[in-house]
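Quick caveat, the model's predicted, so the values are computed rather than measured.
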Amino acid sequence: MKYKLLAMISLLLPLMSNAQEKGLDERVNDAFMPFATWWEGFVLTSIPIGEYNMPLVLILLIFGATFFTIKFKFPNITKFGLAINTVRGKYDELDHHSVEKTELSAPDGDLPGTIKDESKEGEVSHFQALATAVSGTVGLGNIAGVAVAIALGGPGATFWMIACGLIGMSTKFVECTLGVKYRDVGEDGTVYGGPMYYLSKGLKERGFTGLGKVLAIIFAILCVGASFGGGNAFQSNQAAVQLSTMLSLEGGATGVIIGVVLALLVGIVIIGGIKKIASVTEKIVPFMAGVYVLASLVIIFANIEYIGDAFGMIIGGAFTPAAGLGGIVGVIIVGFQRAAFSNEAGAGSAAIAHSAVKTKYPASEGVVALLEPFIDTVVICTMTALVIIFFNMDAGAFDYGNAVGSTVLLNESGAYVGGVDLTSMAYDSVIPGFRYVLTIAIIMFAFSTMISWSYYGLQSWKFLFGRGRTADIVYKVMFLLFVVIGAGATLDAVIKFSDAMILALVFPNMIGLLFLFPRVREEMDKYLTDIKNFVKSK
């Protein structure tokens, strides 16, 4: 017995030693990384274009966005003013006005006099829907994601991020219009909408019932996964990194502990549903965006003499990238991939939030939605990029393209940093101590993004498993578990999984959009006609 006991101890000693060497965070990462790497490789399957390999999903994304931009006569430019007026409520009265006075068209083919007041359907205002959706897109992708893009692709990646944001405005317009048109409204007034509904109902309407069902189910499954990845794992990861750096926290379970705290806070909010989320995000989003934009402007004006040089590097690097950055196609891939993660145009996720708007005009919310990629990518991502470029111009902190995974090698210390740490260094170099303010902003960004994405994922979960309370609880527990996993894993593992999950949504969503875009034109014509009649009646 004695010898058997000694033999067992000798067998267990290596395992115990290994457990002592590896902290809880590292063990979480070891378990998570293999799946993340496999999933990224599967989603980013490439096809050869000349001497380069281009991910098929990005080809579909770029083609669709360009097609919609041309087909709808550049709505990202021509409908920008209309979008501003709609979100500030200039045409809200149109939703409640009588048919006789304004001679409004009949939405959805209803006869005048029999039109139900569809403006009463929905749960939130145009502004609340935009705030909820923006909180799901404006987040750490704008802070950490831009740093990753520049570290991997150099300043030129910024150009392609902006290009993706501009044409992505057209895609967002199309998908959010369809989200409102084909939404379901429950007996209690709760709205259920998003790509899974316009794929199933819209394609059935066009005679593709089987295809619609298949695409809707695929989208819903992927959207649940995206809510676990980009919706919270990436957010909790970067929040945990920034907190541990600022507070000098050490220990093998630091990330997991922070993740548990974040999960508890998120869990308190997501019980409330979309109305609670909207009421929280409409207050958080303007404040956090304002603080971040103000700091960015301070740094940009402090380096105003270098603004020409910075944009010269952005434009020059887009077409003549430095050696080792993968050539032009490599920089395009980095720029579009990071922009797609940041603004989600083409992924269809924001259409879920926009579907909850109170309106009888689907196109009204479509034009509101096109503001998202502009705010997210063209404005905020560009500001972040300029700050990092100025920082590297002054300090020579790192060499563009000298990256391992999602981290870049610092010239002075020889350490690898990535994502939010690099951005924090850039801001702190001009505004000493701003890393503390940035930490608060990062936590707020992460928090608002997580609660918004919990709504996206829950809507998809309900589409798959029904609208019962038990299904809700199961999803929310799984969602909160991934908050902890994200905080414990490394940035490289999390960004592989998050990127691939959000980009995977493009496949079913974009296929559906290319079938259904004629319905968007019909809805836009109705909205513009009724605005014209409404203005005449005033």
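- Annotation for F319: atom CZ counts as buried by contact number, over 12 foreign heavy atoms lying within 6.0 Å.
- Interatomic distance, OH of Y292 versus CD1 of I380, reported as 8.0 Å (0.5 Å rounding).
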K496 vs D499, side-chain contact (heavy atoms from CB on, under 4.5 Å): CA-CA, chis, key distance, verdict
CA-CA 6 Å; K496 285 175 185 289; D499 263 2; over 6 Å; no
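- Between E344 and D376, the closest side-chain pair of non-hydrogen atoms is not below 4.5 Å.
- In this structure the side chain of S454 never reaches within 4.5 angstrom of the side chain of N232, judged on heavy atoms.
- Under 3.5 Å, the side chains of S227 and Y455 contain no donor-acceptor pair of N or O atoms.
- Rounding to the nearest 0.5 Å gives a distance of 8.5 Å between CD1 of I162 and CD1 of I315.
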Would M393 and M313 count as a side-chain contact (heavy atoms from CB on, under 4.5 Å) if you check the C-alpha gap in whole Å, the side-chain angles of each, and the deciding distance to 0.1 Å?
CA-CA 10 Å; M393 197 182 295; M313 295 170 68; 3.6 Å; yes
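- Across all their heavy atoms, V331 and G156 have their closest contact at CG1-C, 3.6 Å.
- Here the side chain of N392 pairs no donor or acceptor atom with the backbone of D399 at under 3.5 angstrom.
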Take M501 and F228 through the test side-chain contact (heavy atoms from CB on, under 4.5 Å) and record every step on the way to the result.
CA-CA 9 Å; M501 272 299 180; F228 295 158; over 6 Å; no
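- The shortest heavy-atom contact between L505 and C223 is CD2-N, 3.4 Å.
- Atom CD1 of I442 sits about 5.0 Å away from atom CD1 of I143, to the nearest 0.5 Å.
- Looking only at side-chain heavy atoms (C-beta outward), M169 and F80 come within less than 4.5 Å of each other.
- Using a 4.5 Å heavy-atom cutoff, the side chains of I389 and Y400 are in contact.
- M510 and G346 get closest at one heavy-atom pair: CE-CA, 4.1 Å.
- The closest donor-acceptor contact from the side chain of D428 to the backbone of G433 lies under 3.5 Å.
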Just do the side-chain contact (heavy atoms from CB on, under 4.5 Å) check on V266 and L480 with the steps written out, would you?
CA-CA 8 Å; V266 172; L480 296 175; 4.0 Å; yes
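- Side-chain contact between L24 and T254 is absent, with no heavy atoms from C-beta onward closer than 4.5 Å.
- Remark: side-chain polar atoms of S355 are paired, donor with acceptor, to backbone N or O of G179 under 3.5 angstrom.
- Between F479 and Y475, the two ring planes are tilted [angle within 30° to 60°].
- At distances below 3.5 Å, not a single donor-acceptor pair connects side-chain atoms of T377 with backbone N or O atoms of G165.
- The shortest distance between side-chain heavy atoms of F391 and V430 does not fall below 4.5 Å.
- Counting all heavy atoms, side chain and backbone alike, G230 lies closest to I502 at CA-CD1, 3.9 Å.
- Judged purely by atom type and a 3.5 angstrom limit, N237 uses its side chain to pair as donor or acceptor with the backbone of A489.
- Relative ring orientation between F32 and F482 is described as perpendicular, the plane-to-plane angle rising above 60° on a 0-90° scale split at 30° and 60°.
- For N303 (side chain) and F390 (main-chain N/O), no donor-acceptor pair under 3.5 Å exists by modelled atom type.
- Looking only at distances, no side-chain donor or acceptor of T449 sits under 3.5 Å from a matching main-chain atom of A446.
- Between the side chains of Y427 and S296, at least one donor N or O sits under 3.5 Å from an acceptor N or O.
- Using cut-offs of 30° and 60° for the angle between ring planes, the W461 and F465 rings count as tilted.
- Looking at W38, F234, W39 one by one, the single match for side chain to side chain contact (heavy atoms under 4.5 Å, CB included) with F497 turns out to be W39.
- By the 4.5 Å heavy-atom criterion applied to side chains, K462 and D472 are counted as neighbours.
- Taking CD1 of I307 as the start and CD1 of I300 as the end, the distance is 6.0 Å to the nearest 0.5 Å.
- When every heavy atom of P508 is checked against every heavy atom of I218, the shortest pair comes out as CG-CG2, 4.1 Å.
- Shown here for L61 and A345, the closest heavy-atom pair between the two residues is CD1-O, 3.3 Å.
- The CG atom of D492 sits 7.0 Å away from atom OG1 of T37, with the distance rounded to the nearest 0.5 Å.
- To the nearest 0.5 angstrom, S460 atom OG is 3.5 Å from M196 atom CE.
- Listed for the N76 side chain is no donor-acceptor partner under 3.5 Å among the backbone atoms of S170.
- Using a 4.5 Å heavy-atom threshold, the side chains of D421 and T245 count as touching.
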